[in-house]
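Following: one structure in structure tokens, then a few remarks.
Since the model is a prediction, treat every value here as computed from it, not as a measurement. Each ligand, and each atom within it, is numbered from 1 in the order the structure gives.
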Amino acid sequence: MSNVANIQAKIEQLGRQIFELVDKDSRSRSLFAKKDFYGLLMEWSMRDPLFKTQMFRFVDVLPTLRSSEEVVEHLSEYLNDTNTPVSAFLQGALRVGRFVPPISAAIIRKNIVAMANIFITGADAVSALPNLRKIWKEGARFTVDILGEAVVGEREADEYAARYRLLLDFLAQHTQEWQGSTASSENEPPFVNISVKISALCARIHGSDPETNIAAILSRLKPIAVRAKELGAFINLDMEHYGLKELTLELFKRLTSEPELSGYPHFGFVIQAYLHDSYRDTEKMLEWARQQNRQFAIRLVKGAYLDFEKVIAAQKTWEVPVFTSKVETDANYERVARLILENREYVFPAFASHNVRTISFAATYARILGLKPADYEFQMLYGMAAPIRRALVTLGYRVREYCPIGELVPGMAYLVRRLLENTSNEGFLRAKFGANASVTELLRDPASQLLEQGDRPVHDRKSPETDSAVHRRQTPTASVSLFVNEPPADFTIASVREKMVHALKSVSAKTGGSYPCVIGGKKRALAEQMRSINPARPDELVGSLSSAAAGDVVEAVATAKQSFIAWSANSGEERCRLLERLAAKLRKNRYDLAAWEVFEVGKNWVEADADVCEAIDFCAFYAMEMRCLNRGRVTQETAGEVSIESYLPRGVGAIIAPWNFPLAILCGMTVAALVAGNTVVIKPAEQSSVVAAQFMNLLQEAGFPDGVANLLFGKGETVGSLLVVHPDIDFVAFTGSRQVGTEIWQTAGVTHPDQRNLKKVVCEMGGKNAIIIDTDADLDEAVLGIVHSAFGYQGQKCSALSRLITVGDVHELLLPRLIQAAEALNIGPPEHPGTDIGPVIDEAAFQRIQSYIDLGKREHTLAFQGQVPSGLKGFFIPPTIFKSVDPASRLAQEEIFGPVLAILRAKNLDQALKIANDSRYALTGGIYSRSPRNIAHARGEFLVGNLYINRPITGAIVGRHPFGGFKMSGSGTKAGGHDYLLHFTFPRVVTENTLRRGFAPDSVRPASLEV
Ligand SMILES: Cc1cc2nc3c(=O)[nH]c(=O)nc-3n(C[C@H](O)[C@H](O)[C@H](O)COP(=O)(O)OP(=O)(O)OC[C@H]3O[C@@H](n4cnc5c(N)ncnc54)[C@H](O)[C@@H]3O)c2cc1C
């Protein structure tokens, strides 16, 4: 028998032993065969995926529903959407119950609480104690975890840390007797054992700034760890989503290297086998252990955030960090398990799994290495697999149960995770207890399964830590679209942070230079100079710009007009290729460009990087769109005639761009015009002209012919106005304030006798955007979404939130958390990786925003104002929140364009929508609600260009969220959308009669519709 076959036989032998004990256990089928509410829910959910989604969503929202009517209404709304026999049955029950909602609501609540109690050990340590005792009595151990809401503020993080310290003392005190009566065996980890989530110990985690995060977390974690050492207790750091992995591992090293703690071996961390990185991470941690001569524990899990990781990766166009098949995860788990067991001298292994194959593998391999059951332990989740736990204890293995404690609201997220796990098609528990899979099937070797399927073994896969993964780009699938968004920089990766630091250094050394205008490809240095300064340090010059005079405007327009002849005749494909070359140049220089934005317009790292990615997206997206337009379109299939619609360029355009997205909007408007065959004169905002100069450089380097794009610096009132009135300007693409936009709209409407075209204005202006918080909103999500939308880039996005409308009494719950979250924002120089809030753009903006804050203080109630740290000399304005603001007041009606938020209260959703729509603007809006009916209502009634549901309202992605509004927000165009290029063209139709002497071919289409 080969070695592999021999091991497999031993694994099967142990597996069968475990199964026999499980099957003999009279309580073993209870988890899936119960006929109570939980059992029925599981059964129905496994039968009907839509019902499962709706019911789990209802379970999630239930604890926040206060009245009986709300409970009945919500359940009925969720079931309404499913339309299955099961939901029809429940609907019927509900209809009866609707006459007496309190009775139905009480029954529903009671059943869901009972279900939660299957998985949650107690509301607090005191109520959990009897269950912990039971586990101990049954020969197992436990680790206790405190469930919590998402931590959004420093106070919440402090409270969470304090609860852990109390928990340690409580467990030490109340389990003393149990410890005394248990002969603790050799190697046994401490009896008092807790599991901690690091995200709960820090108000704001920035991927870009691990050092500050580690310091903040350590300040709370170290006292817990020191207390644990004093009590002889164990602390495990749980592993959360992938974005926190590097931080967690680094934190673990720092914590255990603290002088007071070093040498204490009772700390552990988690490795998630579903991650491609897991084997390498384990090796690295082992190497560190060897070098430092440290000992610690590793809990090896498969990983609980599978869907989340896949969704985030898809949204950010990052490579998926997890294996995407269960068998790969299982095989990798066994591979990492071997590595850990082989390094037992440094690691105490904890195999956390309910899967009998996985467990049998670990135990068998340990035996082969000569290890005893006391040299490692198995871990399981409370309520998930008690029969397997009992079987292992009977066989002499050590088992520890993971026992979460907490109230119902934070408990629901945990409960839903467990329900999902139990109903997962691929999960072991469902296969064994729900679908009665055969023992042979359940004990199959995952590595052999992979080979049988023709897949590579897991160790052949590339680790995503290689450089190519730094900007992980997904391969587009032909069936979807050829366009894939540029992946944002993942600043959790050290090498990416280093690139940004390097770019900041090198760009900083280049500030203070002079930038000429560019006309016909020639640089034109002019006597009159304009200064662009760093808003964080106004005495720092970012660059001097040649300021154009009237003659330069005339010459630039003439050059563009002259260049139009050849450029518009150029093949459309050639223009598309040039856009793609420009995208490649922008990509190559992405960190330098982001650094210029940091210095010139005060964007923090993430915002600056996002702006550069958007610029790249615009180039790639409009190239793709133009290829479609180039093909032309047969308007209608008609016998005897063929009509083809195609698109001509409009002519010469003025591109008048804003400073708040200094590269993306400037680039987007420019390349949309160019790819459609127009030529342009670009006039960037004064405050962001150096970024525009960098863009122009790259445009020239990409090979755009001279004169196709011309760049003029200067003031809007002079250069901008001269461009708009020029008779040879055929269109204007403008993004900026309502005041300037409406002036341009008006001026462009005046037709000059020499004009050859009516001027088209593509006009995008501001917003007075609102988010509605419904009574049942998920406040964890809402608070973070509000802070991001209102204060991201200092509130200087046209999509930014400025009116927060709370429904009913949700205000009371929301406000304290919102204030804490706003307090946690870091105000500082934007080049610092941990900065959330930088300066506003300039002195004038500073004064204007300040005057609104003064007005707010006079007329409304200040709920919160942050503190600008001393020593900052720039145009810094702290996040400011006013409450009880009258919807008709200036603060609620006028665009402020700064970090100022007004909270307005509404009695119900109808009133909230009325307030939201009562604005001159209609750009973005949002609602946080978990009521399907209210969401549908908002979809229909909330009148804005971009409506976002249960997510922040800023950060539109090219192609995914075509962006733009109406009313005083804009002329109804959608940047990054399918119809955007049409605004830069004249549609034209050519009709040919194909009927000759009574003979018409079946179809006469030109071989190519290329125009
Ligand atoms: C004591 C304990 C502590 C835990 N602590 C953590 C923790 O800190 N962090 C954490 O993330 N998880 C943690 N978990 C959860 C754990 O990661 C698993 O979700 C859970 O244990 C199920 O794995 P299993 O081996 O029991 O079941 P199985 O049914 O054998 O495996 C299910 C797991 O396989 C993986 N999987 C399923 N489908 C696929 C697929 N299509 N592609 C790739 N992989 C797939 C997933 O990880 C899924 O959870 C813990 C579990 C226990 C028991």
Side-chain angles (χ1 to χ4, degrees), residues 15 31 119 121 135 140-145 193-200 235-245 248-249 252 268-276 278 297-310 313 320-334 336-337 349-362 377-386 388-389 392 398-404 414 417-435 437 441-444 446 449-450 455 458 461:
L31 194 64
F119 303 103
T121 323
I135 294 165
R141 299 288 180 262
F142 46 80
T143 178
V144 182
D145 156 70
N193 189 314
I194 59 170
S195 292
V196 180
K197 290 196 173 43
I198 68 158
S199 66
I235 296 191
N236 192 76
L237 301 188
D238 284 1
M239 191 60 84
E240 301 172 67
H241 61 86
Y242 187 61
L244 295 182
K245 186 202 70 176
T248 309
L249 296 179
F252 182 82
F269 61 91
V270 174
I271 290 286
Q272 294 160 315
Y274 67 7
L275 292 180
H276 291 282
S278 52
I298 293 183
R299 175 197 297 158
L300 182 60
V301 304
K302 288 178 190 164
Y305 304 83
L306 188 73
D307 289 346
F308 179 83
E309 301 300 358
K310 288 200 258 186
V320 181
V322 292
F323 291 108
T324 46
S325 80
K326 165 89 164 62
V327 66
E328 284 178 298
T329 297
D330 286 346
N332 193 50
Y333 188 103
E334 296 189 0
V336 182
F351 299 105
S353 172
H354 312 112
N355 184 323
V356 174
R357 156 76 207 189
T358 308
I359 293 167
S360 305
F361 172 86
E377 67 183 27
F378 291 106
Q379 295 192 352
M380 301 190 184
L381 299 174
Y382 178 77
M384 290 284 277
I388 301 175
R389 188 239 298 157
L392 289 177
R398 271 200 192 133
V399 189
R400 184 175 304 280
E401 205 147 78
Y402 183 98
C403 297
Y414 180 80
R417 277 212 298 279
R418 298 292 73 85
L419 295 180
L420 282 170
E421 213 159 278
N422 281 348
T423 50
S424 155
N425 275 335
E426 299 188 274
F428 172 84
L429 289 177
R430 178 176 172 178
K432 160 71 185 148
F433 297 101
E441 187 59 29
L442 292 170
L443 294 176
R444 280 180 74 188
Q449 264 175 275
L450 273 180
D455 284 350
V458 281
R461 290 178 192 268

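The closest heavy-atom contact to atom 24 (P) of ligand 1, among the options Ser353, Ala385, Ser424, Ser325, comes from Ser353. Of the candidates Leu237, Val301, Leu381, Leu381 brings a heavy atom nearest to atom 52 (C) of ligand 1. The option from Lys326, Arg417, Glu377, Arg299 that lies nearest to atom 40 (C) of ligand 1, judged by heavy atoms, is Lys326. Proximity annotation for atom 22 (C) of ligand 1: of Glu421, Glu240, Lys432, Glu421 comes nearest, heavy atoms only.
Looking at heavy atoms from C-beta onward, Lys432 lies out of side-chain contact with Val356 at the 4.5 angstrom threshold. Looking at Pro404 and Phe119, their side chains never come closer than 4.5 Å, going by heavy atoms from C-beta outward.
The heavy-atom pair separating Ile194 from Thr143 by the smallest distance is C-OG1, 3.4 Å. Minimum interatomic distance between Ala273 and Tyr333 (heavy atoms only, all atoms of both residues): CB-CA, 3.6 Å.
Lys245 NZ to Glu309 CD: the interatomic distance, rounded to the nearest 0.5 Å, is 10.0 Å. Interatomic distance, Gln379 CD to Ser195 OG, rounded to the nearest 0.5 Å: 7.0 Å. Annotation: the span from Ile135 atom CD1 to Arg389 atom CZ amounts to 5.5 Å, rounded to 0.5 Å. For the atom pair CG of Asn332 and OG of Ser278, the computed distance is 4.0 Å after rounding to the nearest 0.5 Å.
The nearest protein atom to atom 39 (C) of ligand 1, hydrogens excluded, is given as Leu306 CD2, 3.4 Å; this is a heavy-atom distance. Distance from atom 29 (O) of ligand 1 to its nearest protein heavy atom, with residue and atom name: Phe428 N, 2.5 Å. For atom 26 (O) of ligand 1, the closest non-hydrogen atom on the protein side is His354 N, 2.7 Å. Among protein heavy atoms, the minimum distance from atom 44 (N) of ligand 1 is reached at Thr329 OG1, 2.7 Å. Nearest non-hydrogen protein atom to atom 15 (C) of ligand 1 is Ala304 CB, 4.0 Å. Of all protein heavy atoms, the one lying nearest to atom 9 (N) of ligand 1 is Met239 O, 2.8 Å. For atom 46 (C) of ligand 1, the nearest protein heavy atom (residue, atom name, distance) is Gly303 O, 3.4 Å. Here the protein heavy atom with the shortest distance to atom 41 (N) of ligand 1 is Glu426 OE1, 2.8 Å.
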Full working for side-chain contact (heavy atoms from CB on, under 4.5 Å) between Arg444 and Asp330: CA-CA 11 Å; Arg444 280 180 74 188; Asp330 286 346; over 6 Å; no
Check step by step if side-chain contact (heavy atoms from CB on, under 4.5 Å) holds for Val301 and Met239. CA-CA 9 Å; Val301 304; Met239 191 60 84; 6.0 Å; no
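With a 4.0 Å heavy-atom cut-off, ligand 1 is reached by the side chain of Tyr305 but not by its N, CA, C or O. Residue contacts with ligand 1, taken as heavy atom pairs separated by less than 4.0 Å, involve Lys302 via backbone and side-chain atoms alike.
For Arg357 and Phe361, the positive end is not near the middle of the six-membered ring at less than 6.0 Å and at most 45° from its axis.
Atom numbering of ligand 1 starts at 1 in the shown order; those under 4.0 Å from a heavy atom of Ala352 are 1 (C), 2 (C), 52 (C), 53 (C). Which parts of ligand 1 touch Tyr274 is read off a 4.0 Å heavy-atom cut-off, strictly below it: atoms 47 (O). Short contacts between ligand 1 and Met380, defined as distances under 4.0 Å to a heavy atom of the residue, involve ligand atoms 1 (C), 53 (C). Each of the following atoms of ligand 1 lies closer than 4.0 Å to a heavy atom of Gln379: 1 (C), 53 (C). Applying the 4.0 Å criterion to heavy atoms of Phe323 picks out, from ligand 1, the atoms 42 (N), 43 (C). Interface of Asp238 with ligand 1, defined as ligand atoms under 4.0 Å from a residue heavy atom, comprises 8 (O). Set against the non-hydrogen atoms of Gly427, the atoms of ligand 1 under 4.0 Å away are 29 (O).
Between the side chains of Ser424 and Lys326, no donor-acceptor pair is found at a separation under 3.5 Å.
Ring geometry for Phe378 against Phe351 counts as tilted: the plane angle lies between 30° and 60°, on a 0 to 90° scale.
Considering both main-chain and side-chain atoms, Gln272 comes within under 3.5 Å of ligand 1 through a nitrogen or oxygen pair. Taking distance alone, with nitrogen or oxygen atoms compared against 3.5 Å, Asn355 approaches ligand 1 more closely than that limit.
Ligand 1 lies out of reach of Val322, whose nearest heavy atom is not under 4.0 Å from it.
Of the candidates Asp238, Asn193, Asn236, Tyr402 forms a side-chain hydrogen bond (donor to acceptor under 3.5 Å, both in side chains) with just one, namely Asp238.
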